[in-house]
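All values below were derived from every heavy atom in this structure, side-chain atoms included, with hydrogens, water molecules and symmetry-related copies excluded. A note on names: the letters A, B, ... follow the listed sequences, proteins ahead of strands, and every chain is numbered from 1.
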2 protein chains.
Amino acid sequence: MKDVAERAGVSESAVSFALNGRPGVSESTRERVRSVAEELGWRPSTAARALSGEGAATVGLVLARPARTLGVEPFFLQLVSGVQQVLAERRLGLLFQVVEDVAAECAMYEHWWAEHRVDGVLLVDPRAEDPRPDVLASLGLPGVVVGGTESRQGLSSVWIDDAGAMASVAEYLHALGHQRITHVAGLPELAHTQRRMASLRSEAERLDLPHVRSLTTDYSDAEGAAVTRRLLDEPDPPTAVVYDNDVLAAAGVAAAAERRLPVPARLSIVSWEDSVLCRMVHPWLTALARDPLALGRVAAEELTRLLDGAPARTAGVPVPRLVVRESTAHPPGG
Amino acid sequence: MKDVAERAGVSESAVSFALNGRPGVSESTRERVRSVAEELGWRPSTAARALSGEGAATVGLVLARPARTLGVEPFFLQLVSGVQQVLAERRLGLLFQVVEDVAAECAMYEHWWAEHRVDGVLLVDPRAEDPRPDVLASLGLPGVVVGGTESRQGLSSVWIDDAGAMASVAEYLHALGHQRITHVAGLPELAHTQRRMASLRSEAERLDLPHVRSLTTDYSDAEGAAVTRRLLDEPDPPTAVVYDNDVLAAAGVAAAAERRLPVPARLSIVSWEDSVLCRMVHPWLTALARDPLALGRVAAEELTRLLDGAPARTAGVPVPRLVVRESTAHPPGG
DNA sequence: TCACCGGTTGACATCGATGTCAGCCGCGGC
DNA sequence: GCCGCGGCTGACATCGATGTCAACCGGTGA
């Protein structure tokens, strides 16, 4: 900074004023200082800035998953990519951490906040009984819950209409004539799993479909295949299965193929997540398409709003759209 | 820190001495200070530490990929997970950034370094003509090239034996009786793509196989399928195809299925990357299994060595192992 | 002639740690 | 009785920015 001041022929104070857009310098000086800083490749030290109360210019994101179940879904990296499109404009960095479980995630927040490493965090995979919002609230650490429903305790939320999406899937399958529908869900403790299950139950009631149910899994291809095999061995197997993500759905297709059960002639399949995976299996999967990039962008925008001192609120992203491909049809004899 | 000093009944200097393992305090005081700090949940502000010459306690990782081709492979998140297992021990954070291209990646390094945001970086996807090592060297920013071959310009490397792995695949297919082998490779500018292609060429010469070649793609399922279709339409199609990653291989299987070409009876398929994808397609894919977690761990260890002042060097990870499943067999009539 | 103005300076405090250094206290040995 | 030493204190500088404040300079209007 001293160098910049010297080269521009002004004082250090003037440099600070000029570069932070504060009054006290003329437009011409401001411009000169700016160009000198540019030329010298000078950037303020984040450490020094953070120390003088500007915050760490960093937001945190923790992913709590055991390493082995990590990363088949394109979803996550796309989300991060969207987040960064927004953060980049503000010169905010993203501190990223993979941990084993939620307890470690909470510890991470405490450490980050105690060390002043982050100004705020994005919380993903909200759960039904979730200790994390309480932790953030008690710390006073600003946060946005990605996929949360309401904004409480000073946390913002980005709301995803799982219930509406599930209703649209149920209606679509019902319209095709399906009566026996099974929902192969993900982890039961995740909030969106419970929302989807509840929505399906109420839709089944509304449409008068008694043979509708949800089964939970750990999202792994292994459980997806195992559950599907069990379903197909039943005396009255379902005619349509809705899988909670692309991996489960692809595993389901593979299981059906093992049994030489034609999809969609004998079994319709819907994937709750559209990705290349859905176009890599045969037949191509009918899927709920959402836009993880947009979700990431909205989440990051909400977080920057919070950091700017705005009150917590709930933002929404568009309802997932059902993309009909080859894996759904009328039920046999329907 | 003041609070800790007060609660422990000692001076601030004593606290600093105690917690940084420096002489000047008795073991009993050291222990008392430690426990008070623990109790108060005190952690040193990284900003203040960084400012007084300790470094940012953060390493950087930039992923240069257009958002749409992002994240089908489990590889990347597993790598990150391995990296963090090592970084966590040292209380080092990971600053993660997704950018569009290598130019943006270089700019990122310059910014990070100018802002003192990172102490070192992990460089992934090394290229044949790669500007990035030069940038790091000119900045003096410590770095580890993940998948690099030699350590030059003060950068360490983690070496992956692509050539050896490719040779083992070629030998395996040759032993099965295959003569016409095609390698559907990834991006031509990546260093490992070139290494694999070169290795295949020399193996083909050694084994006297004239009908062997490599074709490059962008790693997308679309190109994987398109290339495979083109291959199968040739008058003398290959009897074995080696795909440079799991996505390409799965797309290849799908393309073969479209043509009703039985795998492996008429076409053998090998995937260069083992993942759940390889067990989600039918038939299950023979694949080269490497261990991204271990790769991440070794890379992070090399980086911490560099940060500790050790000279740059090249470390190695085990050669990928060929896991034989259902997608490879003798060629028709072989 | 003087007060006022915007633009600018230079000196100083602040953030929270590390590093250094003189000096203090009490205990043991010569 | 004095020296030396381990253990500890307290004051100060340092890192690189931000924030504040009194003062100064040249030009304008009253």
K.L.:
Taking heavy atoms of chain B and a 4.0 Å limit, find me the 5'-most and 3'-most nucleotide of DNA chain D within that range.
P.N.:
D:dG7 to D:dG16

K.L.:
For the helix from C:dT1-D:dA30 to C:dC30-D:dG1, how many degrees between its two end axes (five pairs per end), to the nearest 10°?
P.N.:
60°

K.L.:
Verify whether the ring centers belonging to A:Phe96 and A:Phe76 lie closer than 6.0 Å.
P.N.:
yes

K.L.:
How about B:Val83 and B:Arg297: do any of their side-chain heavy atoms sit closer than 4.5 Å?
P.N.:
no

K.L.:
Can you check the A:Met1 CE to C:dG10 C1' distance for me, whole Å?
P.N.:
13 Å

K.L.:
In this structure, how many angstroms lie between the P atom of C:dG6 and the CZ atom of A:Arg22, rounded?
P.N.:
17 Å

K.L.:
Is the backbone of A:Pro318 close enough, under 3.5 Å, to the side chain of A:Arg290 for a donor and an acceptor to pair up by distance?
P.N.:
no

K.L.:
With a non-hydrogen cut-off below 4.0 angstrom, is A:Gly9 in contact with a base, only sugar-phosphate, or nothing?
P.N.:
sugar-phosphate

K.L.:
Any ion pair linking A:Glu100 and A:Arg65 (charged N to carboxylate O, less than 4.0 Å)?
P.N.:
no

K.L.:
Could you check whether A:Ser45 gets within reach of a base, just the sugar-phosphate, or nothing at all, counting any heavy atom under 4.0 Å?
P.N.:
sugar-phosphate

K.L.:
Can you work out whether B:Arg49 or A:Arg30 has the more 5'-proximal nearest nucleotide on DNA chain C?
P.N.:
A:Arg30

K.L.:
Taking the side chain from B:Asp119 and the backbone from B:Ala56, do they hold a donor-acceptor pair closer than 3.5 Å?
P.N.:
yes

K.L.:
If we ignore angles and hydrogens, is there a donor and acceptor under 3.5 Å between the side chains of B:Ser26 and B:Thr29?
P.N.:
yes

K.L.:
In this structure, how many angstroms lie between the C1' atom of C:dT20 and the CD atom of B:Glu12, rounded?
P.N.:
15 Å

K.L.:
At under 4.0 Å between heavy atoms, what does A:Gly53 touch on the DNA or RNA strands: base, sugar-phosphate, or nothing?
P.N.:
nothing

K.L.:
Give the minimum heavy-atom separation between A:Arg305 and A:Pro311, together with the two atoms involved.
P.N.:
NH2-O, 4.1 Å

K.L.:
Tell me whether the side-chain N/O atoms of A:Thr29 come closer than 4.0 Å to OP1 or OP2 in C:dT8.
P.N.:
yes

K.L.:
Any salt bridge between A:Asp308 and A:Arg90, counting N to O under 4.0 Å?
P.N.:
yes

K.L.:
May I ask you to say what A:Ser16 touches in the nucleic acid, namely base, sugar-phosphate or nothing, with a heavy-atom cut-off under 4.0 Å?
P.N.:
sugar-phosphate

K.L.:
Just by distance, with hydrogens left out, do A:Thr58 and B:Arg117 show a side-chain donor and acceptor under 3.5 Å apart?
P.N.:
yes

K.L.:
Closest-nucleotide mapping onto DNA chain D: is B:Gly24 or A:Leu51 further toward the 5' terminus? I mean the 5' end.
P.N.:
B:Gly24

